[in-house]
There are 2 protein chains.
Amino acid sequence: MSTIEDVAKLAGLSRTTVSRVLNDHPYVSDEKKKLVQQAMEQLGFVPNSAARSLRNQKTGIIAVLIPKISTSFFSQLLDVLEMKASDKGYQLIICQTQYSKQKEKNYLNLLKTRQVDGVIMTSFENEWSVIDSYLQYGPIVLCNEYVEDAHIPMVYINQAKTGYMIAKHLLERGHTQMAYCSNGIVSEGMAARIHGFKSALSEVGLYLHEKLYFEKASTYEDGKNVFAQILKMQVKPTAIFTGSDLVAAGIISEARTADWRLPGDLAVVGYDNMEIAKLLEPMVTTVVLPVEEMATKAMDVMYEKIHNKHYRSLEKHEFLSKLALRESTIYRRNLVATS
Amino acid sequence: MSTIEDVAKLAGLSRTTVSRVLNDHPYVSDEKKKLVQQAMEQLGFVPNSAARSLRNQKTGIIAVLIPKISTSFFSQLLDVLEMKASDKGYQLIICQTQYSKQKEKNYLNLLKTRQVDGVIMTSFENEWSVIDSYLQYGPIVLCNEYVEDAHIPMVYINQAKTGYMIAKHLLERGHTQMAYCSNGIVSEGMAARIHGFKSALSEVGLYLHEKLYFEKASTYEDGKNVFAQILKMQVKPTAIFTGSDLVAAGIISEARTADWRLPGDLAVVGYDNMEIAKLLEPMVTTVVLPVEEMATKAMDVMYEKIHNKHYRSLEKHEFLSKLALRESTIYRRNLVATS
DNA sequence: ATGAAAGCGCTAACAA
DNA sequence: TTGTTAGCGCTTTCAT
């Protein structure tokens, strides 16, 4: 492994000059530059990054905290984050928190030990005050979360508008009796989503019936359960927001078994635009999340924070979901553009 | 940011002693040890990892090269790899090659610049000779690939046995006319798989009809196409291996539209055990890959290579796929255990 | 059991 | 335009 010193010797110059060539500094004559480059070539020289990190006090690495990589949404997010980081010349260290407070803290320590220049959190487990204390060591950017009392850049989806949009769509399709599935997670986003949903209803004098609110559904099995419950009801909903494409799949599966027509007897709206949404029959109208936009913004903001060094700046970067209209809410013959 | 020097001063000791405490060296009296620990506590001292890396010539980081993170299989693999790395005290840098030779080389450079202690490749694009040249800088372990002329540890699936198992299962179900979908990727593994498939057939005097071999099917749409072709055939297959659950989904969707009974008119075997395999109707019999086992082994081997420093050792770590038996090849009433 | 000092490879302030 | 030198923070001989 050759060092800058070796290159300097071979080129008959000083380490400084070599370093200057390496960093594209001005004030190096073309002649010497050539000499240095030849020497580098000949030795197969590559700068040692630990030495650079130590000297420059920055690593070129960003940590991404994620609860579970193999979750469809998070793997998409990570995918884009990696591309954007790569574009900016950064490496990404992946940190799976597995929804554990301790793991989350362990990974935040990467900031303390200066192993990374910044941390992007796509979820969080600890109290905000705990996380806040790490800000003295470097920038933290929230991507896909919103916290009222955090004074840092936050990139997130306006869930109130998401909820509103869903309800509005169903209202336009003529539904008046709707059901709503939550996923059991209690967060500001989830609260905002249902609030938005309800406000669209109340605008037209409707409301969400208590029995039609399912508190905790996140899996295919949960979806089947939800339908079983619906089947037993006196007054049945004509439309349901499922909170997840998996739940939608469960509901659809049972509904078909029970010979319900979809969307005739029940219109279904999913969430996440997972692969299955397009594969089911009927194809599922679902909420499409602005994954790419959020990841891009998060990385841009992180880059800026790393360089301007003012970590505690409150920035709200809000993005909107879209609705992919498909057969589960609109009869095929009325569907102009499916996507 | 406090350094080891600060701690030493506060404790009234030397840097050496502090370092010894930090690294659990013997020959430190309990008394001084306590002193040092108190000082560390008081200053909130955390060792700087760049300095450690520089001094120790190792980073505690492993790079994982992956073509595309958001692919179901790779995200699962990455998930397990991260857990295993974490167990061993390593961080993972993720490198998305996007099937690009150049990107792959760029990321292999992390080894040259000593930014990582080793590289795990889950796929590769360049000629083996290119990759081989990086071995002088550190260990490379193949996880999910097999290359005949690579002299490094390889963790992979025995695809010949996978193919054999699939055909065997269909033979046992009484099929004699089978179709086979490849995904268009040309690799030793893919060749082995079809070879294994064919040899099970030839054992009982059967063979794979040329027209029933689909060269390139990897998406849901491809699956629909495949079925359309089958529909036009004179002699139709009674069973098909799809090479992917997505393709299986496409085939099933079209088959149902054409009012085929599944598995009565056509038995379908998928690959990958994706989420959809259990959600479709019928639930899809599919090949389950030993993701966890491969990831675990790859990380174990990497750990060992990093420490014993002999990188060019040919090691074949072979794993087997399993078949998850479901309704698409076995009538529900005959299904004892679905999974 | 403890400390002094050298040095990992690089960059930058300063001098020439 | 180029070189000398100090030092980033840590570990490890070697001496005591």
Side-chain angles (χ1 to χ4, degrees), chain A residues 1-40 43-61 109-117 137-138 309, chain B residues 1-37 39-40 43-61 109-117 137-138:
Chain A
M1 200 71 287
S2 55
T3 73
I4 223 176
E5 174 86 51
D6 303 328
V7 177
K9 269 194 194 129
L10 183 60
L13 293 164
S14 73
R15 293 187 331 235
T16 313
T17 308
V18 178
S19 173
R20 288 206 177 100
V21 172
L22 212 53
N23 296 285
D24 283 326
H25 272 290
Y27 308 130
V28 184
S29 66
D30 283 354
E31 179 201 0
K32 312 270 174 184
K33 194 172 198 168
K34 219 130 266 169
L35 237 47
V36 169
Q37 284 165 338
Q38 275 170 17
M40 284 182 174
L43 293 170
F45 169 81
V46 187
N48 177 307
S49 47
R52 283 188 142 174
S53 295
L54 180 57
R55 176 66 228 222
N56 297 334
Q57 305 283 27
K58 50 186 179 161
T59 63
I61 304 179
N109 264 322
L110 292 173
L111 214 48
K112 263 198 192 179
T113 64
R114 315 262 109 169
Q115 198 160 15
V116 301
D117 294 341
Y137 305 110
K309 300 187 176 201
Chain B
M1 199 72 288
S2 55
T3 75
I4 222 175
E5 174 86 51
D6 302 330
V7 177
K9 269 193 193 130
L10 183 61
L13 293 163
S14 75
R15 292 188 332 234
T16 313
T17 307
V18 177
S19 173
R20 287 207 178 98
V21 172
L22 213 51
N23 296 284
D24 282 326
H25 274 288
Y27 307 130
V28 184
S29 66
D30 284 355
E31 179 201 359
K32 313 271 174 182
K33 195 172 197 165
K34 219 130 269 168
L35 237 45
V36 170
Q37 284 166 336
M40 284 183 174
L43 293 170
F45 168 82
V46 187
N48 177 306
S49 45
R52 280 188 143 172
S53 296
L54 179 58
R55 177 66 227 222
N56 297 333
Q57 307 282 30
K58 48 185 183 165
T59 61
I61 305 180
N109 264 323
L110 292 173
L111 213 48
K112 265 199 190 176
T113 62
R114 316 261 107 168
Q115 198 160 15
V116 301
D117 294 341
Y137 307 110

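A:S49 meets the side chain to side chain donor-acceptor pair (under 3.5 Å) test with no other residue; sequence neighbours excluded.
Atom CD of B:Q115 sits about 5.0 Å away from atom OG1 of B:T113, to the nearest 0.5 Å. For the atom pair CG of A:N48 and NZ of B:K112, the computed distance is 14.0 Å after rounding to the nearest 0.5 Å.
For the pair A:I4 and A:F45, the minimum side-chain heavy-atom distance is below 4.5 Å. A 4.5 Å side-chain heavy-atom check between A:N23 and A:R52 finds at least one atom pair inside the cut-off.
Residue B:R52 places at least one side-chain N or O under 4.0 Å from the OP1 or OP2 atom of D:dT11.
Taking atom CD on A:Q57 and atom C1' on D:dC10, their separation rounds to 13 Å, with Å as the unit. In this entry the distance linking CG of A:L54 with C1' of D:dG7 reads 9 Å, nearest Å. The interatomic distance linking B:L22 (CG) with D:dT12 (P) rounds to 11 Å, in whole Å.
Nearest-nucleotide assignment on DNA chain D puts the 5′-proximal partner with B:N56, out of B:R20 and B:N56.
The two residues A:L54 and B:A50 make their nearest non-hydrogen contact at N-CB, 3.7 Å. Shortest non-hydrogen contact noted between A:R114 and A:T59 is O-CG2, 3.1 Å.
Residue contacts for B:E5: at a heavy-atom cut-off of 4.0 Å it reaches no nucleic acid atom on any strand shown. Across all strands shown, B:P26 has no heavy atoms under 4.0 Å from either base or sugar-phosphate atoms. B:S19 comes within 4.0 angstrom of a nucleotide base, judged by non-hydrogen atoms across all strands.
Within residues 8-17 of chain A, the residues that have a heavy atom under 4.0 Å from DNA chain C are, in order of number, A:R15, A:T16.
Under the side-chain contact (heavy atoms from CB on, under 4.5 Å) rule, A:M40 has a single partner from A:V46, A:V7, A:D6, A:L35, which is A:V7.
Interface limits on DNA chain C: the 5'-most and 3'-most nucleotides within less than 4.0 Å of chain B heavy atoms are C:dA1 to C:dG9.
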How far apart are the C-alpha atoms of A:I61 and A:L110, what are their side-chain angles, what is the distance that settles it, and do they pass the side chain to side chain contact (heavy atoms under 4.5 Å, CB included) test? CA-CA 10 Å; A:I61 304 179; A:L110 292 173; over 6 Å; no

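Which of D:dT2, D:dC10, D:dG9 sits closest to the side chain of A:Y27 comes down to D:dT2.
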